[in-house]
2 protein chains.
Amino acid sequence: MTAEPDSALHADAAHPSRREQILQAAARLFAERGSRSVGVDDIGAAVGVTGPAIYRHFAGKDAMLAEMLLRISERLLAGAEQVLADAGDDPAAQLAGLIAFQVDFALDNPALITVQDRDLGALAEADARQVRRLQRRYVEHWVGVLAALSPGSSTADCRARAHALFGLINSTPHSGGRLSRPVMQARLTAMALAAATA
Amino acid sequence: MTAEPDSALHADAAHPSRREQILQAAARLFAERGSRSVGVDDIGAAVGVTGPAIYRHFAGKDAMLAEMLLRISERLLAGAEQVLADAGDDPAAQLAGLIAFQVDFALDNPALITVQDRDLGALAEADARQVRRLQRRYVEHWVGVLAALSPGSSTADCRARAHALFGLINSTPHSGGRLSRPVMQARLTAMALAAATA
DNA sequence: CGCGGACGTGAACCGTGGTTAACCTGACGA
DNA sequence: TCGTCAGGTTAACCACGGTTCACGTCCGCG
């Protein structure tokens with residue numbers, strides 16, 4: 001409580017605004033129990049306020065979930081496009097970049113990974129459609145790279161392979177985390193690379 | 001209504017009792033929307049009865065979920081032990097057997113796979129503990145085989161690798177299923193083998 | 001026959017939880 | 001100093017959904 005939240009515009013990592021605190025706490029709780037099992041009172045308590053205080057910052061519980069999932073999808077898509085731009089025209093380098101990016105994201109944000117693929121169905125249809133559109137674009141970037149690396153494969157085949165790689169990399173939240181981060185990072189990267197070129 | 005997928009719950013596939021019909025319909029609905037989002041009325045409607053009729057067959061909604069998850073865990077564990085017994089003492093053959101078994105199960109029962117790792121948290125603590133015990137024994141069989149194949153690896157490392165392989169193989173429900181079953185089977189098997197020996 | 005048990009139904013009960021309402025406070029800026 | 005506004009609080013409202021109840025029906029079996 002010592003530091004002033006002063007301007008609430010920036011997402012300062014050291015002193016996040018109350019709104020950001022709520023989103024982060026909600027993400028953690030949603031990941032642990034599922035969005036339907038978490039009450040607004042729980043979310044409020046996690047940041048030291050009562051339940052209804054949430055409504056000063058969000059239109060409702062579903063709006064929180066929608067913003068959460070939209071942000072995740074946007075960050076992933078933007079990250080992938082940045083990676084592809086940086087990697088030049090070499091498909092092998094692009095694949096390595098995408099894998100490294102996804103591994104980093106999954107290790108840094110296990111809760112978001114969990115929520116993203118568990119609670120998409122809890123969104124209103126309009127929001128769900130928009131999230132799926134972003135996810136689809138993200139997947140298609142992977143599909144393009146995989147197709148460039150294996151000209152004989154169909155698009156559907158590449159898509160299945162991409163989903164399998166996501167499953168592999170996103171297994172992090174289930175792995176208990178008894179391994180140090182660099183070791184885990186190396187393991188997942190190696191396995192994903194081996195699986196991708198199988 | 002013949003030859004339904006996710007038949008692992010059936011005691012009698014030809015003429016499933018009403019009780020089995022309910023379990024199967026519930027599994028499908030739980031996988032689609034999450035157990036908290038599907039009502040007893042929905043489950044009843046899926047088998048042509050009203051909601052309260054469920055209570056002639058189950059103590060309640062949570063009892064249905066508990067039985068569902070217990071059966072899945074038991075079936076997986078029994079299958080793994082059968083595979084290991086059949087494969088003899090060759091770790092490579094054992095790994096191939098485990099992978100083939102998990103791939104088959106995931107392709108045959110996508111709904112059960114989804115429910116198992118999404119709705120475990122919705123169980124009462126006593127039931128959850130029992131399911132986790134079974135799951136742990138299943139995982140440990142994989143860990144043992146992986147450890148035998150790579151003597152330099154720690155147990156924690158082998159466990160992380162096992163979870164990554166599960167994530168890869170269990171990606172099936174997310175892959176839309178636009179690929180024929182034998183093609184998908186071959187793809188997942190090849191990727192899992194490559195990732196396991198990375 | 002007629003009785004009992006298996007199986008269903010519609011109506012009612014009621015706890016849970018999202019949302020709203022009414023009110024309070026402390027920090028400014030004019 | 002006062003008005004305003006951001007941000008909280010408690011109490012109340014209300015819909016939803018799991019569960020129970022009282023009752024009906026269809027059989028198989030003595």
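Lettering follows sequence order; numbering is per chain, from 1. Please read these numbers as outputs of a predicted model, since none were measured by experiment.
- One can place CZ of A:Arg19 at 14 Å from P of D:dA6, the figure rounded to the nearest angstrom.
- Listed pair A:His57 / D:dA6 fails the phosphate criterion, with no side-chain N or O lying under 4.0 Å from OP1 or OP2.
- The phosphate of C:dA6 has neither OP1 nor OP2 within less than 4.0 Å of any side-chain N or O from B:Arg18.
- If you check residues 42-50 of chain A against DNA chain D, the residues with a heavy atom closer than 4.0 Å are A:Val49, A:Thr50, listed by number.
- Rounded to whole Å, atom P of D:dA6 lies 16 Å from atom CZ of A:Phe58.
- Under the side chain to side chain contact (heavy atoms under 4.5 Å, CB included) criterion, B:Ala26 pairs with B:Phe30, B:Ile43, B:Met64, B:Met68, not counting sequence neighbours.
- By the side chain to side chain contact (heavy atoms under 4.5 Å, CB included) test, B:Ala195 pairs with A:Leu168, A:Met191, A:Ala195, B:Leu165, B:Leu168, sequence neighbours left out.
- Scanning for side chain to side chain contact (heavy atoms under 4.5 Å, CB included) contacts around A:Glu67 gives A:Arg19, A:Leu23, A:Phe58, A:Arg71, with sequence neighbours left out.
- Applying the salt bridge (charged side-chain N to carboxylate O under 4.0 Å, His left out) criterion to A:Asp41, with sequence neighbours excluded, gives no partner residue.
- One can place CZ of A:Phe30 at 13 Å from C1' of C:dG17, the figure rounded to the nearest angstrom.
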Base versus backbone protein contacts along nucleotides 13-29 of chain D [heavy-atom cut-off under 4.0 Å; B, S, -]: -----SBB-B-------
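- If you measure from atom CD1 of B:Ile54 to atom P of C:dA6, you get 18 Å, rounded to the nearest angstrom.
- Residues satisfying the side chain to side chain contact (heavy atoms under 4.5 Å, CB included) criterion with A:Asn109, sequence neighbours excluded, are A:Arg75, A:Phe105, A:Leu112.
- Checked for salt-bridge contact, A:Arg181 and A:Asp104 meet the test: a charged N lies under 4.0 Å from a carboxylate O.
- The salt bridge (Lys or Arg N to Asp or Glu O under 4.0 Å) pairs that include a residue from residues 144-154 of chain A number zero, where partners must be two or more places apart or lie in different chains.
- B:Asp157 pairs by the salt bridge (charged side-chain N to carboxylate O under 4.0 Å, His left out) definition with A:Arg187, B:Arg161, not counting sequence neighbours.
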